[in-house]
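These notes concern the structure reproduced below.
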Amino acid sequence: MTEASRVEVLVVGAGFSGLCALHRLRELGVRTLVVERADGVGGTWLVNRYPGARCDIESIEYSYSFSAEIEQEWEWTETMPAQPEIEAYLNFVADRLDLRRDIEFDTEIVSMTFDQDTAEWTLETAAGARYVAPFVVAATGILSVPLEPDIAGMDTFGGTSLFTGRWPRDGADLRGKRIGVIGTGSTGVQMIPVVAREADELVVFQRSPAYTLPWQVRPFAPGELAELKSRYGEIRAAQRAHPVGAARLSAFSVLLDMLVRPPLKSASAEERRRAVDEHGVMGALNWGDVFFDIEANRMAAELYGEAVARIVRDRQTAAALVPTHPFACKRPIIDQGYYETFNRDNVTLVDLRRGAIRSVTPSGIDTEQGHYGLDVIVYATGFDAMTGALSRIDVRGRDGVLLRDVWAAEGPVSYLGLQVAGFPNLFTVQGPGSPSAATNFVAALEQHVDWIVDCLTYMRAHGHRTIEALPDAQTQWIEHTTALVAPTVLVHPSCNSWYNGGNVPGKKRMYMGYTAGLPEYRRRCDEIAAAGYSGFTLG
Ligand code: NA7
């Protein structure tokens, strides 16, 4: 057996979280190594390189706050960054901080085993290499495991099959081709307008229509970025105080603003009509009761249909684009010209609610409504979110218990989203039950990494070698996170979303976010640390 490499902290993943963890742990003087499956940095932003891929939070907020130099040196070109720019930014950060010398690329971890006697983790790679470390930070991402559907005949397709979550590094030539896109979540909604402009024909296979808000993304005006940078301190302070970790306009802040709007149920017919007249799809949804009252939510969906019908000329297509699931139970989407795309002559919408996909054939897709001949099929079918990455690794904690078995039996449990009981010294960045994807992911991950670094500092100072979440604390945390969403439509049975595992066949349903906001979450985490890490046992 090959000799194991030994470090103090092994970080798994070189995306946004892993790079931040490496930098911060190095500052602490901890011998840290990052292992990364891909051949470069970037994580999900490296592989989701489909046309139109873009962040829905402003670039100056969807970026690290830990280095004033990097804030000043990096030049964002657009208000909301597209994938190539985020990938370039993360490469810039990796170079600027000389991170690559402590990252091993092309290294896929397949197992992690905790040894109770030595209080150390042993990690094995697909190639048989081993690493031993007392602490592991799983920076494995929340949307890093693509969910590829199991449609009969997929492997018989004679054209090109593309998966948005592992898009070819050199891109794909879609010009002049007949393209089929399966999936209309954020990914599908982002790519459909772009692909429609390149394709000869585009056929959109839609199982659930999306709620999506039109949004203007634009290049920064001359001097605009410099002005923003001149008051970065103020911008970061506002972000820090904001529930979603992004104080400027974003898909999340729009939702938050809706909470304080008047209720739809008591609005007059004239007020409702005016809302749609003046604000289109946004006006249809912009009411305070839609989050808590399923009836109000359905009324909003009806108004939404009216707004869509004002954009999409074909009546049947417009009707097919109206969602039947509650608004807000899935992640809010922002788009650039999504509905207008369906007015193009080269775009066809196939509403799978009227007849499902039967199979993929060598020449296209066969549905109960007919056969569609295609040159390219794009699968934009989502992710096994939050727990997917660690469930695919054999993570064995105390008494050889497998993490994936715990999550299969109990649901995606965790204490603070930072640790799972029975898995000592394994920190999860943005685990289930943390603010993570219900907020600005970058702001949320920085808070997690700060907390982990402070925790390791405390353990060093007090001579502790192990830290482990207590089962009771974990149960109480899950009860708390569950109670927060209980009064909302997020838990409605018709809500199948990656937030609650409803998009993955067989996954135990549980809402996986923390919805009281980042400042409140930070306050609780700090309180727990100040109390000597209550809810954890230190050994
Ligand atoms: P989503 O939001 O989970 O969307 C996946 C889409 O794929 C959704 O419309 C699904 O329909 C559809 N889907 C999945 N499997 C199938 C099959 N077998 N047939 C037809 N349609 C299917 O993932 P995204 O990648 O778009 O976005 C994920 C997050 O990334 C996003 O929220 C941002 O945070 C960034 P369904 O709704 O299940 O009926």
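If you read the sequence from its start, that first residue is 1, and numbering goes on from there. Both counts, for ligands and for their atoms, begin at 1 and track the order of listing.
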Tell me which protein heavy atom sits closest to atom 9 (O) of ligand 1, plus the residue, atom name and distance to 0.1 Å. T184 N, 3.0 Å
Check: W74 ring centre within less than 6.0 Å of Y64 ring centre: no
Nearest protein heavy-atom contact for atom 4 (O) of ligand 1: which residue, which atom, what distance? G185 CA, 3.4 Å
Please work out which of the three classes, parallel, tilted or perpendicular, describes the rings of F205 and Y372, given edges at 30° and 60°. perpendicular
R331 neighbourhood, listing ligand 1 atoms whose heavy-atom distance to it stays under 4.0 Å: 32 (O), 33 (C), 34 (O)
Ligand 1 versus S186: contacting region, heavy-atom distance under 4.0 Å: both
Hey, does N496 come in under 3.5 Å of ligand 1, counting only N/O atoms on both sides? no
Which protein heavy atom lies closest to atom 30 (O) of ligand 1, and at what distance to 0.1 Å? L143 CD1, 3.7 Å
Does Y521 have R524 sitting over its ring (NZ/CZ under 6.0 Å from centre, angle to axis within 45°)? no
Heavy atom of K330 under 4.0 Å from ligand 1? yes
Pairwise distance OH(Y415) to OG1(T428) - rounded to 0.5 angstrom: 13.0 Å
Aromatic ring centroids of Y89 and Y62 under 6.0 Å? no
Side chain or backbone of T187 under 4.0 Å from ligand 1, or both, or neither, by non-hydrogen atoms? both
Enter the distance from D375:CG to I377:CD1 here, rounded to the nearest 0.5 Å. 10.0 Å
Any idea which atoms of ligand 1 are less than 4.0 Å away from a heavy-atom of F383? 25 (O), 28 (C), 30 (O)
Testing the basics here: between T156 and T361, what is the closest heavy-atom pair and its distance to 0.1 Å? OG1-C, 3.7 Å
Tell me which part of Q206 gets within contact of ligand 1: side chain, backbone, both or neither, using heavy atoms under 4.0 Å. neither
Please round to the nearest 0.5 Å and tell me the distance separating atom OG of S414 and atom CH2 of W477. 9.0 Å
Examine the proximity of ligand 1 to I182 and report which part, side chain or backbone, both or neither, has a heavy atom under 4.0 Å away. side chain
Aromatic ring centroids of Y304 and F327 under 6.0 Å? no
Classify the ring geometry of W167 against Y50: parallel below 30°, tilted from 30° to 60°, perpendicular beyond 60°. perpendicular
Counting only heavy atoms, which portion of F205 has something under 4.0 Å from ligand 1: side chain, backbone, both, or neither? neither
Write out the residue and atom name of the closest protein heavy atom to atom 28 (C) of ligand 1, then the distance separating them to 0.1 Å. W498 NE1, 3.6 Å
Roughly how far apart are I235 CD1 and S63 OG, rounded to 0.5 Å? 9.5 Å
For residues W451 and H448, establish whether the separation of their ring centroids is below 6.0 Å. no
Atoms of ligand 1 less than 4.0 Å from P149 heavy atoms? 18 (N)
In terms of residue, atom name and distance, what is the protein heavy atom nearest to atom 39 (O) of ligand 1? S208 OG, 2.5 Å
Look at atom 17 (C) of ligand 1 and say which protein heavy atom is nearest, naming residue and atom and giving the distance to 0.1 Å. R207 NH1, 3.4 Å
Side chain or backbone of A385 under 4.0 Å from ligand 1, or both, or neither, by non-hydrogen atoms? neither
Closest non-hydrogen protein atom to atom 12 (C) of ligand 1, residue and atom name please, with distance? G183 CA, 3.7 Å
Can you figure out which of G188, G382, A380 has its heavy atom closest to atom 6 (C) of ligand 1? A380
